[in-house]
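Note sheet for the following structure.
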Amino acid sequence: MKTQKKYTLGIIGLGHMGGAIAKGAVRNDYLERYEIAVYDPSEHARKDCSIEGFAYLSDVHQLIENSHIILLAVTPQQVEGVLDEISTDQMDVVLSIVTGVSIAHLQERLHNTPIIRGMPNTPLQIGAGATALCMSDDCRADDYDFVFQLFASMGVTRTIPEDKMNEIVTVHGSIPAYVYYFVQCILDDAIERGIDERDARALLVQTFIGSAQLLKKYPERSIERFVDEVCSKGGTTIEAIGELKERNISAIIHDANEKCIARAKQLGK
């Protein structure tokens, strides 16, 4: 991807995800520090840019004028105010990671600027992220490829239909919180049974890591088979799995996902 602009990536909003993307791009040698510029009025962002060596611009219009890809990394509650502010600017391409906000809405507000819409997750900050992407019909292939490889340098990336972007949040976007909450429940139970918290946490975290690595190593193997390999007949684990099935954990997860998707759709209105 060739650009005549001073900066390859101009970031509006240096929060958790915006910062993770910028730092991850540099950490993996996908971008140089001098290729990244940031607009975010917070003092935290100014200090972070100074530490990381990113250009800090106090004028959002200057950022847009000098950047090829504009990363919109603000909250759903902030996005309409930002769109109001930049609606008259000419942009090459916008990469939005704002939950629930459709390509059609962004193009309506930004005079049909080419849009790439992304749904990354927080493990991106350690190079173990998962990102779903889609693009507008007028987006250039080399711009999309650049963004796809940017996220691929920080984990796994997949292209999905835009009409599934709200649903995909329950596959990877919100799932880190599900995992953390499940870990917390197991850990609390272990502590209640008198097990040392540090020992339990170390063993528990490594078990999650190891289990995930096995799933990744053998993608052709069914999940059910992995469960069966741990559940020996007449053993301990099969009793636990039986209890989880009797309590219909699958239905609970489905209902939780329904709430999550509904909120994503609500945020986009």
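- The backbone N or O of H44 lies less than 3.5 Å from no partner atom in the side chain of D48, so there is not a single donor-acceptor pair.
- When the shell of 6.0 Å around CD of E220 is examined, it contains more than 12 heavy atoms from other residues, nucleotides or ligands.
- Using a 4.5 Å cut-off on side-chain heavy atoms (C-beta onward), D89 and T113 make no contact.
- The backbone N or O of P114 lies less than 3.5 Å from no partner atom in the side chain of S136, so there is not a single donor-acceptor pair.
- Between A20 and Q125, the shortest heavy-atom contact is CB-CB, 3.8 Å.
- If you take CD1 on I209 and CG on L204, they are separated by 10.0 Å, rounding to the nearest 0.5 Å.
- Looking at R33, its side chain does come within 3.5 Å of a backbone N or O of E52 through a donor-acceptor pair.
- The environment of OH in Y181 is sparse: at most 12 heavy-atom neighbours from other residues, nucleotides or ligands sit within 6.0 Å.
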Practice prompt. Before giving the answer on side chain to side chain contact (heavy atoms under 4.5 Å, CB included), spell out for S102 and R117 the whole-Å C-alpha distance, their side-chain angles and the decisive distance to 0.1 Å.
Written response: CA-CA 8 Å; S102 70; R117 185 177 169 193; 4.3 Å; yes

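- Within the 4.5 Å cutoff, the side chain of I241 has no heavy atoms near those of the V230 side chain.
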Worksheet item: Could you walk me through whether D189 and R193 pass the salt bridge (Lys or Arg N to Asp or Glu O under 4.0 Å) check?
Response: CA-CA 6 Å; D189 188 64; R193 296 174 190 281; 2.8 Å; yes

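- Heavy-atom neighbours of R201 CZ from other residues, nucleotides or ligands within 6.0 Å: at or below the threshold of 12.
- With respect to the salt-bridge test (charged N to carboxylate O, under 4.0 angstrom), the residues K5 and E35 do not qualify.
- From L110, atom CG reaches atom CG of L72 across 8.0 Å, with rounding to the nearest 0.5 Å.
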Discussion item. Quick one, E80 with H105, criterion side chain to side chain donor-acceptor pair (under 3.5 Å). Give me CA distance, side-chain angles, the key distance, then yes/no.
Written reply: CA-CA 10 Å; E80 290 305 320; H105 181 71; 2.7 Å; yes

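- Taking the side chain as every heavy atom from C-beta outward, F54 and V26 approach each other to under 4.5 Å.
- Atom NE2 of H111 sits in a crowded spot, with more than 12 heavy atoms from other residues, nucleotides or ligands closer than 6.0 Å.
- Ring geometry for F182 against F208 counts as perpendicular: the plane angle is over 60°, on a 0 to 90° scale with 30° as the lower cut.
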Practice prompt. Could you go through the side chain to side chain contact (heavy atoms under 4.5 Å, CB included) check for M154 and N28 one step at a time?
Written response: CA-CA 7 Å; M154 294 179 269; N28 294 298; 3.5 Å; yes

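- In this structure a side-chain-to-backbone donor-acceptor pair under 3.5 Å is missing from R46 to S58.
- Both I86 and I103 are members of a single hydrophobic cluster when ILVMFWY side chains are connected at heavy-atom separations under 4.5 Å.
- In terms of heavy-atom proximity, L63 sits nearest to V38 at CD1-N, 3.7 Å.
- Placement of I115 and I64 within a single hydrophobic cluster is found when ILVMFWY residues are connected by side-chain heavy-atom separations under 4.5 Å, directly or transitively.
- Formation of a donor-acceptor pair under 3.5 Å by the S211 side chain with backbone atoms of T207 is found in this model.
- By the 4.5 Å heavy-atom criterion applied to side chains, T8 and F146 are counted as neighbours.
- The main-chain N or O of I261 is never found under 3.5 Å from a side-chain atom of N166 such that the two would form a donor-acceptor pair.
- For R158, the CZ atom sits in a loose shell: 12 or fewer heavy atoms of surrounding residues, nucleotides or ligands are nearer than 6.0 Å.
- Of all heavy-atom pairs between T157 and A152, the closest is OG1-N, 3.0 Å.
- The number of heavy-atom neighbours closer than 6.0 Å to CG of D59, taken from other residues, nucleotides and ligands shown, is above 12.
- No more than 12 heavy atoms of other residues, nucleotides or ligands sit less than 6.0 Å from atom CD of E192.
- H172 places a side-chain N or O within donor-acceptor distance of the main-chain N or O of M119, the cut-off being under 3.5 Å.
- Remark: side-chain polar atoms of Q62 are not paired, donor with acceptor, to backbone N or O of L57 under 3.5 angstrom.
- Atoms CZ and CD1, on R247 and I252 in that order, are 8.5 Å from each other to the nearest 0.5 Å.
- A donor-acceptor pair under 3.5 Å is formed between the side chain of Y56 and the backbone N or O of D40.
- For the atom pair D92 CG and Q4 CD, the distance stands at 10.0 Å (nearest 0.5 Å).
- Closest heavy-atom contact between V74 and I12: CG1-O, 3.6 Å.
- Both Y178 and L187 are members of a single hydrophobic cluster when ILVMFWY side chains are connected at heavy-atom separations under 4.5 Å.
- One distance of note links CD1 of I97 with CG of L133; it measures 11.0 Å at 0.5 Å rounding.
- Side-chain atoms of N121 and I175, non-hydrogen and from C-beta on, never get closer than 4.5 Å to each other.
- Separating the CD1 atom in I249 from the CD atom in E243 is a distance of 9.0 Å, to the nearest 0.5 Å.
- Judged by distance alone, the side chain of S67 and the main-chain N or O of I70 form no donor-acceptor pair under 3.5 Å.
- Within the 4.5 Å cutoff, side-chain heavy atoms of F151 are placed close to those of L95.
- Closest non-hydrogen pair, C139 versus V93, comes out as SG-CG2, 4.3 Å.
- Between V147 and M135 the shortest side-chain heavy-atom distance does not fall below 4.5 Å.
- Contact annotation: the side chain of Q107 never approaches that of V94 to less than 4.5 Å [non-hydrogen atoms, C-beta and beyond].
- Closest approach of D145 to Y30, counting heavy atoms only: O-OH, 4.3 Å.
- Within 6.0 Å of the CD atom in E224, the count of heavy atoms belonging to other residues, nucleotides or ligands does not exceed 12.
- Under a hydrophobic-cluster definition in which Ile, Leu, Val, Met, Phe, Trp and Tyr are linked whenever side-chain heavy atoms come within less than 4.5 Å, directly or via other members, V171 and L267 are assigned to different clusters.
- By the criterion of side-chain heavy atoms lying less than 4.5 angstrom apart, applied directly or through intervening Ile, Leu, Val, Met, Phe, Trp or Tyr residues, I116 is not grouped with I160; the two fall into different hydrophobic clusters.
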